[in-house]
Amino acid sequence: MAHPSIGTFTPKIGPGSMTIVRPEKKTSVVETYSSVAYFGWPASIVGKIIELTWNWMDGADFAALDAIYATDAVVVFNPQISGGNTYNVNVLSLDAVYLKAVDNTTASIRTEVRCRLLIMSQVTP
């Protein structure tokens, strides 16, 4: 998988998985006494949550991504997939696990890294 960029951050290692970046259809269903009402709106990329996961990430990369998360600002996300679209996103969450070294100290590696992005708008069509 390519190395997507989030703001000024481009990981040294591409994510192991990433949600498909495509518009999502918005729907609502309401049950009535004897039927059901369905409401549907056109598919939109705005509001889509993209999750990226890494099996591991070095501490410097995690710190760079964590700094973007801490700013709570909208940044540009380039998923590096065909089509070339980029998006304004907000980093909703970032989590990981410390990797314990053999000598029982905390190594500068994070495992099970999960980052969730909320697409706010599309930058390039």
Kindly compute the distance separating CG (Asn88) from CG (Leu117), expressed to the nearest 0.5 Å.
12.0 Å
Can you tell me how far the CG atom of Asn85 sits from the CD atom of Gln122, to the nearest 0.5 Å?
4.5 Å
Assigning hydrophobic clusters by single linkage (Ile, Leu, Val, Met, Phe, Trp, Tyr; side-chain heavy-atom cutoff under 4.5 Å), is Ile81 placed with Ile119?
yes
Check side chain to side chain contact (heavy atoms under 4.5 Å, CB included) between Glu112 and all other residues, then give those that pass, not counting sequence neighbours.
Val97
In short, Val46 meets Ser121 closest at the heavy-atom pair CG2-CA, 4.1 Å
To the nearest 0.5 Å, what is the distance between CZ (Phe9) and NE2 (His3)?
10.5 Å
Are Thr86 and Asn78 linked by a side-chain donor-acceptor pair shorter than 3.5 Å?
no
Side-chain heavy atoms nearer than 4.5 Å, only ILVMFWY residues, links allowed to pass through others: does that put Ile45 and Leu118 together?
no
Considering all heavy atoms of both residues, which atom of Lys26 and which atom of Ser44 are nearest to each other, and what is their separation?
NZ-O, 4.2 Å
Quick one: side chains of residues 48-73, donor-acceptor pairs under 3.5 Å with protein atoms, not counting sequence neighbours, listed by atom name and distance.
| from | atom 1 | to | atom 2 | distance (Å) |
| --- | --- | --- | --- | --- |
| Glu51 | OE1 | Arg114 | NH2 | 2.8 |
| Glu51 | OE2 | Arg114 | NH2 | 3.1 |
| Thr53 | OG1 | Ser17 | OG | 2.4 |
| Trp54 | NE1 | Ile13 | O | 2.9 |
| Asp58 | OD1 | Ala60 | N | 3.1 |
| Asp58 | OD1 | Asp61 | N | 2.7 |
| Asp58 | OD2 | Lys12 | NZ | 3.1 |
| Asp61 | OD1 | Lys12 | NZ | 3.2 |
| Asp61 | OD2 | Lys12 | N | 2.8 |
| Thr71 | OG1 | Ile68 | O | 2.7 |

Show, in sequence, the C-alpha distance, side-chain angles and deciding distance for Gln80 and Thr10, and conclude whether the side chain to side chain contact (heavy atoms under 4.5 Å, CB included) test is met.
CA-CA 11 Å; Gln80 299 292 342; Thr10 302; over 6 Å; no
Distance in Å, Phe39 CZ paired with Thr27 OG1, rounded so as to fall on 0.5 Å steps
11.0 Å
Closest approach of Pro11 and Pro4, non-hydrogen atoms and distance?
CD-O, 3.1 Å
In terms of hydrophobic clustering (I, L, V, M, F, W, Y; side-chain heavy atoms under 4.5 Å; direct or indirect links), are Val30 and Trp41 co-clustered?
yes
